[in-house]
Amino acid sequence: MDMVERYIAAVQRELPEDKRDDIGRELKANILDQIEALEAQQGQFNDSDVSSLLISMGHPRDVAITYYPPKPLIASSLMRLYASTLYMVLGVLFVISVIEVTSTWLGGSSMGIIRFVFAIASDFINSAFFAFSAITISFAVMSRSQTNENKPRTCRWSPEKLPTASKSWQHIGLDNIFTDLATLLFLILLIWYPLWRNDSNSLFSTEALQILRWFTPVIGVAVVHSLWQLRVRLWSASMLWLNIGVNTAFLVVSLILMQTQVLQIETLPTLDDWGINVAQYGINTILIAVAVISSYEVIRDARRIRRL
Amino acid sequence: MTTAQLDKLKLELRRGVLVLAVLASLKTPHYGYSLRKQLHEAGVDIDEGTLYPLIRRLADQGLLDSEWQQGEGRERRYYHLSELGAELLEQLIQEWQTLNGAVTPLLTGNNDKENN
């Protein structure tokens, strides 16, 4: 009997305080019934038989779970909303980290590309850790307070107003949107940084900077377009046309910049001739990549419009 | 199909039916072990790890009433169908009969095809 008492106590330890007595009492009654029935069948019932019976019932923790199943931290009805919120907030934080670290870098901080990347990662991880904890705790509280009558309500909608999305490629991934936003905001920062920090020089030559400043409204349009994509999350013909326009502009500007000296050599005093050549080569490679990617997106979107 | 897959599907199939069987059996009061014995004799095998928590869950939902009674030198918790449980059982029985009536010809049809 001592073994049964110990087993019940072990189950009770895994239960919440207010359930222990009631479940323990019932479990004991059930075990004694089983022992009684087995005794009637077998005649004698020793400690070894009790042990076998308890083993067959399962580990005390498993038994406790069957009597009182643990509630998930986030209710399943809130899980999609939780994942979307996390994704969006972390995406915004990544963009902010890129802007902050780039500001420091352009402000004269002497850091190489590896330190630059590490600085972004470190800044992002710090803020992401806090955001992740805050969002998770908020959703856990919402899950606890949610009853069957108080289920989260979805926005008003009607089947007639749902957008047509017959092609799988029409769905826009959040990762694509945030990558675009981070790249565009980074570019705006690079171009306009000297304007609000009078003490620092631009990385770009005067000619390249002039071209890029004229190009800024297009980048602004692309940012607004990305924010609109966050809202609709679906490619339409008009959005594809706009994307073709933006990418064509990127293609043209990258081709023009290839014909000019993009970097201002005076702002790179720490580099020797070889370093300057590498930097120029790097910029040209980036411009070629931009031209190739923009061309690809123009062709891709033109084909998609025809298929819509 | 693996045994694990089959077990999972069988579990899903049995889950709702077991609730029906338990509610129907508790028109007369039973304690845990006596209910299990009655179900076993009726051909419904259910292990104690499934049955006892199921009875408690149904009681928490207000479908069963319970009371502790002394008998044969020790206490036992007797469960029986509550008023709400009885109402719901009637509706569940109708649902079961409708489903059974609809599914049986489908299953028989499949069997006929296989035999042909």
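Every chain is numbered from 1 and lettered A, B, ... according to where its sequence line falls, protein lines coming before strand lines.
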(Q) For the OH atom on B/Tyr33, are there more than 12 heavy atoms of other groups (residues, nucleotides or ligands in this structure) within a distance under 6.0 Å? (A) yes
Q: Please determine if A/Asp33 and B/Arg77 form a salt bridge, counting it only when a charged side-chain N lies under 4.0 Å from a carboxylate O.
A: no
Q: Against chain A, label B/Glu75 side chain, backbone, both or neither, depending on which of its atoms sit under 4.5 Å from a heavy atom there.
A: both
Q) By a 4.5 Å heavy-atom criterion (distance strictly below it), what part of B/Arg36 contacts chain A: side chain, backbone, both, or neither? A) side chain
Q: Assess whether atom CD of A/Gln42 is packed by more than 12 heavy atoms of other residues, nucleotides or ligands within 6.0 Å.
A: yes
Q. Any idea which of A/Leu27, A/Asn30, A/Thr66 has the most non-hydrogen atom pairs under 4.5 angstrom with chain B?
A. A/Asn30
Q) Of the non-hydrogen atoms in B/Tyr52 and A/Gln34, which two are nearest, and what is the gap between them? A) CE1-NE2, 4.0 Å
Q.
Report which part of A/Asp62 has an atom under 4.5 Å of a heavy atom belonging to chain B: side chain, backbone, both, or neither.
A. neither
Q) Is the number of heavy atoms from other residues, nucleotides or ligands within 6.0 Å of CZ (A/Arg307) greater than 12? A) yes
Q) Should we count CZ of A/Arg61 as having more than 12 external heavy atoms under 6.0 Å? A) no
Q. Could you give the distance from CG (A/Asp22) to CH2 (B/Trp68), rounded to the nearest 0.5 Å?
A. 7.0 Å
